[in-house]
Participant: 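Below is one structure. I have some questions about it.
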Amino acid sequence: MLEIQRIRTEKEAVIEGLKKRHFDAAPIVEALLTKDQEWRETKTELETISAELNQISKLVGELFQQGKTAEANDAKEKTAALKTQESELKDKVSALDAAILDFMYQLPNVPNKLVKAGKSEQENEIIDEVGSKHIFEGEALPHWEITKKYDLIDFELGVKITGAGFPVYKGKGAKLQRALIAFFLDEADKAGYVEHMVPLLVNEASGIGTGQLPDKEGQMYHCEVDDLYLIPTSEVPLTNIYRDVLLPNEDFSIKLTGFTSCFRREAGSYGKDVRGLNRLHQFEKVEIVRIEHPNNSEKALEEMVDHVRGLLSKLGLHYRILRLCGGDTGFASAITYDFEVYSAAQERWLEVSSVSLFNTFQANRLKLRFKTEDKKTQLAHTLNGSAMALPRIIAAMLENYQTDEGVVIPEVLHPYLNFTMID
RNA sequence: GGAGAAAUGGCAGAGCGGUUGAAUGCACUGGUCUUGAAAACCAGCGUACCGAGAGGUAUCGGGGGUUCGAAUCCCUCUUUCUCCGCCA
């Protein structure tokens, strides 16, 4: 959620910035500011009446104390009309509140200066590509055939137990996944991210805090009996650790990491994009989250990008980095870098990580602030990134490292496994 | 799951219908004193919103109600603690 002060004072810049998303904010902003003006006027009016009412009440108290019952009763009678007015104004203010919030929820984050205007993923900028395509002697099998050949993942079994999109990892498949999780967590730990193990279900306030609610309600599984949501990413519990937090000074840099399963309904997905591990309802992911001073957040973003680069390089995967154009950047994000790994058999790029800087967009909802040198409170910046999502990494590894003898395991994972080849 | 108790400022803890944004202590900040420090003394010390400012409004777990007036009374939700039950 953007800051209302910013919309008031930098209206044109906000509208202009959102054009990079091909988002016409003008009508919403205009309507919002009209309501905001009305809200402020009504609020002032309400507070004047409340002040008057408070004063009379105080007087009544004093009069009763002095035994001047008649005068006290006189004063009491004056309040009736004021009270009616007060409650009408209260209703009006809360209606305006709701209307303003509703508009606020419709405005996405303003893109960072580096973000190019654009409508869809076709316009994303490729800012780097590392490695090269694996050359295969024979035919490269897609990962869903490799997993079947070596009995690594049983998709049908998942269908039996739960439904499509809930795979069962078996034997070396399960071990490989566990090794990758440990590797990713260890790397995050070395980079200074403090490991957390967090709840997989969150309440509504947490969903709102990081922006999943109300915008993306349909994407989350909802346990209605208890009104809890299954997390679509560990960003939600990790970032919400800092909901309603006022950091005592400016000297902070908070780095968190956590491994969780993630649950996504993926309503509306279909076709070959969802084949095998490409798109699942449940998948595993190691996330990195940072809470930073606004002056340091862009540097932090670079560090996170470098961290993910490091992971992919150590695994020896051929990858590229995209800076998403305005239209493809997530609703809450100011700037997002996507990492894609080339899938040899599918002959396409698979997104394996996404690193984003949210500026104050999440912090505003979270009420995540810090005290400045001169005792002012200011919103912090939040960032997060996948480091990394498991299924597509596994898919890419299986496809790229397949040989006639079996699938070769990259060396960095050897300490975590009691085999070096899947055969 | 059943029974009971509780939730007040950074912490501890009073208040239980009126002038209480809230006693007191601790912590913290500034000052006096001191060569320096401690002690003592004095002053300050939550958050959010509206307002150019003066100032105003809200806030004693959340929401609602009673009342001229609620931290205080009522309803409801949440959380915590104690006891019982169940259980990885």
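No experiment lies behind these values; they were computed from the predicted model shown. Residue numbering restarts at 1 for every chain, and letters A, B, ... go by the order of the sequence lines.
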Participant: If the C1' atom of B/A71 is compared with that of B/G17, how far apart are they to the nearest Å?
Facilitator: 11 Å
Participant: Tell which nucleotide pairs with B/C87, taking only Watson-Crick or G-U wobble pairs whose two distances are both under 3.5 angstrom.
Facilitator: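 Per the H-bond distance test, none.
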Participant: May I have the distance from A/L246 (atom CG) to B/U59 (atom C1'), rounded to whole angstrom?
Facilitator: 16 Å
Participant: Tell which nucleotide pairs with B/G51, taking only Watson-Crick or G-U wobble pairs whose two distances are both under 3.5 angstrom.
Facilitator: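 Base-paired to nothing in any strand shown.
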Participant: My understanding is that a pair needs two contacts under 3.5 Å, Watson-Crick or G-U wobble. By that rule, which nucleotide pairs with B/U66?
Facilitator: none
Participant: Taking the side chain as C-beta and beyond, is there a heavy-atom pair between A/L390 and A/I181 under 4.5 Å?
Facilitator: yes
Participant: Using a 4.0 Å heavy-atom cut-off, does A/A51 contact any base of the nucleic acid, only the sugar-phosphate backbone, or nothing at all?
Facilitator: sugar-phosphate
Participant: Quick one: A/I49 CD1 to B/C50 C1', roughly how many Å, whole number?
Facilitator: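 Distance, rounded to whole Å: 15 Å.
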Participant: Should A/D36 and A/R8 count as an ion pair when the cut-off is N to O under 4.0 Å?
Facilitator: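 A/R8 and A/D36: salt-bridged.
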Participant: Expressed in angstrom and rounded to an integer, what is the separation of A/L228 atom CG from B/U78 atom P?
Facilitator: 12 Å
Participant: Under 4.0 Å from OP1 or OP2 of B/U47: is there any side-chain N or O of A/R369 that close?
Facilitator: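 Answer is no, no contact under 4.0 Å.
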Participant: Let me know, please, whether A/Q55 or A/E77 comes out on the 5' side of the other along RNA chain B by nearest nucleotide.
Facilitator: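 Checking each residue's closest nucleotide, the 5'-ward one belongs to A/Q55.
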Participant: Over 60° means perpendicular and under 30° means parallel, so classify the ring planes of A/Y229 and A/H222, tilted if in between.
Facilitator: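 If you compare the ring of A/H222 with that of A/Y229, the planes turn out parallel.
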Participant: Taking the basic N atoms (NZ, or NE/NH1/NH2) and the acidic carboxylate oxygens, is any pair closer than 4.0 Å for A/E187 and A/K190?
Facilitator: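 Here A/E187 pairs with A/K190 in a salt bridge, since their nearest N and O are under 4.0 Å apart.
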Participant: State the CD1-NZ distance between A/I409 and A/K172, to the nearest 0.5 angstrom.
Facilitator: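 Rounded to the nearest 0.5 Å, the CD1-NZ separation comes out at 8.0 Å.
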Participant: In the strands shown, is B/A40 matched to any nucleotide by a Watson-Crick or G-U wobble pair with both distances under 3.5 Å, and which?
Facilitator: B/U32
Participant: Which nucleotide, if any, forms a Watson-Crick or G-U wobble pair with B/G61, using both distances under 3.5 Å?
Facilitator: B/C77
Participant: Quick check on B/U57: is either OP1 or OP2 less than 4.0 Å from any side-chain nitrogen or oxygen of A/N54?
Facilitator: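 Affirmative; the distance criterion is met.
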Participant: As a test of reading the structure: which of B/C68, B/A48, B/G56 is closest to the side chain of A/E47, going by heavy atoms?
Facilitator: B/G56
Participant: Quick one: A/K58 NZ to B/G21 C1', roughly how many Å, whole number?
Facilitator: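 After rounding, the gap between these two atoms is 11 Å.
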Participant: How many Å lie between NZ on A/K90 and C1' on B/G63, as a whole number?
Facilitator: 13 Å
Participant: Using the ring-ring contact (aromatic ring centres under 6.0 Å, His included) definition, which of the options A/Y337, A/Y193, A/F339 pairs with A/H307?
Facilitator: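 That would be A/Y193; it is the only one of A/Y337, A/Y193, A/F339 passing the ring-ring contact (aromatic ring centres under 6.0 Å, His included) with A/H307.
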Participant: Checking contacts here: which listed nucleotide (B/U47, B/C50, B/C68) is nearest the side-chain heavy atoms of A/R40?
Facilitator: B/C50
Participant: So what's B/A22 paired with, Watson-Crick or G-U wobble, going by both distances under 3.5 Å?
Facilitator: none
Participant: Need the pair for B/A3. Rule: Watson-Crick or G-U wobble, both distances under 3.5 Å, any strand; none if unpaired.
Facilitator: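 Base-paired to B/U82.
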Participant: Using whole Å, report how far CG of A/L46 lies from P of B/G51.
Facilitator: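 From A/L46 CG to B/G51 P: 14 Å.
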Participant: Whether A/K76 contacts B/U67 is assessed here as follows: a side-chain N or O lying under 4.0 Å from the phosphate OP1 or OP2. Is that the case?
Facilitator: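 Negative; the distance criterion is not met.
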Participant: Which nucleotide sits closest to the side chain of A/K83: B/U67, B/C49, B/U47?
Facilitator: B/U67
Participant: Indicate whether OP1 or OP2 belonging to B/A48 is found under 4.0 Å from a side-chain N or O atom of A/T377.
Facilitator: yes
Participant: Give the rounded distance in Å between these two atoms: CG of A/D227 and P of B/G63.
Facilitator: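 So the two atoms are 17 Å apart, to the nearest Å.
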